[in-house]
Amino acid sequence: MLKKEDVMKKAGQKTTIIYCGPSIPFVAKEGTAFQDGVPFRLTELGKQCPAIGVLLVKIDDYAETRKMLRKKSSAESILYEKAKEYIQKGVKEYGL
């Protein structure tokens, strides 16, 4: 049985989020970890391109996500490619 102190310690912990998508100029590099929340610009891009948002994963899921990214037919790999296309289009059109 968990003690009250253990529950309080877990409640106070911050979750580390890692961006597993392709690098976005001036926003985030692939593999960047965020401990105090995800930057506003990255959050906004995640809303505009849901593939980017899906590639923000908890540190506990990072190893499995990286493994799935190596499989060409996995959902993660397909989303990575969609995010990459979106970012390349943004760089050309808006100079991201």
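For clarity, every value in this text was computed on a predicted model and none was experimentally measured. Numbers here simply count residues along the sequence, with the first being 1.
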Under 4.5 Å side-chain heavy-atom separation, chaining through any Ile, Leu, Val, Met, Phe, Trp or Tyr, what else clusters with V54? Say none if it is isolated.
L79

In terms of heavy-atom contacts, A83 and C49 come closest through CA-SG, 4.2 Å

Could you measure the distance from the CD atom of E76 to the NZ atom of K67? Nearest 0.5 Å is fine.
11.0 Å

K72: which residues meet the salt bridge (charged side-chain N to carboxylate O under 4.0 Å, His left out) condition with it, sequence neighbours left out?
none

Measuring from K84:NZ to L55:CG, what's the distance to the nearest 0.5 Å?
13.0 Å

Less than 4.5 Å apart, side chain to side chain, heavy atoms only: is that true for K89 and E85?
no

Hey, are Y80 and E30 close enough side-chain-wise for a donor-acceptor pair under 3.5 Å?
yes

Donor-acceptor pair, distance only, cut-off 3.5 Å: does the side chain of T16 make one with the backbone of Q35?
no

I24 and I18: same hydrophobic cluster, using ILVMFWY side-chain contacts below 4.5 Å?
no

My understanding is that only residues two or more places apart in sequence, or in another chain, count here; which of them pass side-chain contact (heavy atoms from CB on, under 4.5 Å) with K58?
T15, I17, D61

Heavy-atom side-chain proximity of C20 to L69 below 4.5 angstrom
yes

Using side-chain heavy atoms (C-beta onward) and a distance below 4.5 Å, is I87 in contact with P25?
yes

Indicate yes or no: does R41 engage E44 in a salt bridge with an N to O separation below 4.0 Å.
no

Backbone of A28 reached by a side-chain donor or acceptor of T32 within 3.5 Å:
no

Is there a chain of hydrophobic side chains (I, L, V, M, F, W, Y, each step under 4.5 Å between heavy atoms) that links V57 to M68?
no

Give a yes or no on whether Y19 and Y62 share a hydrophobic cluster (residues Ile, Leu, Val, Met, Phe, Trp, Tyr; joining criterion: side-chain heavy atoms under 4.5 Å apart).
no

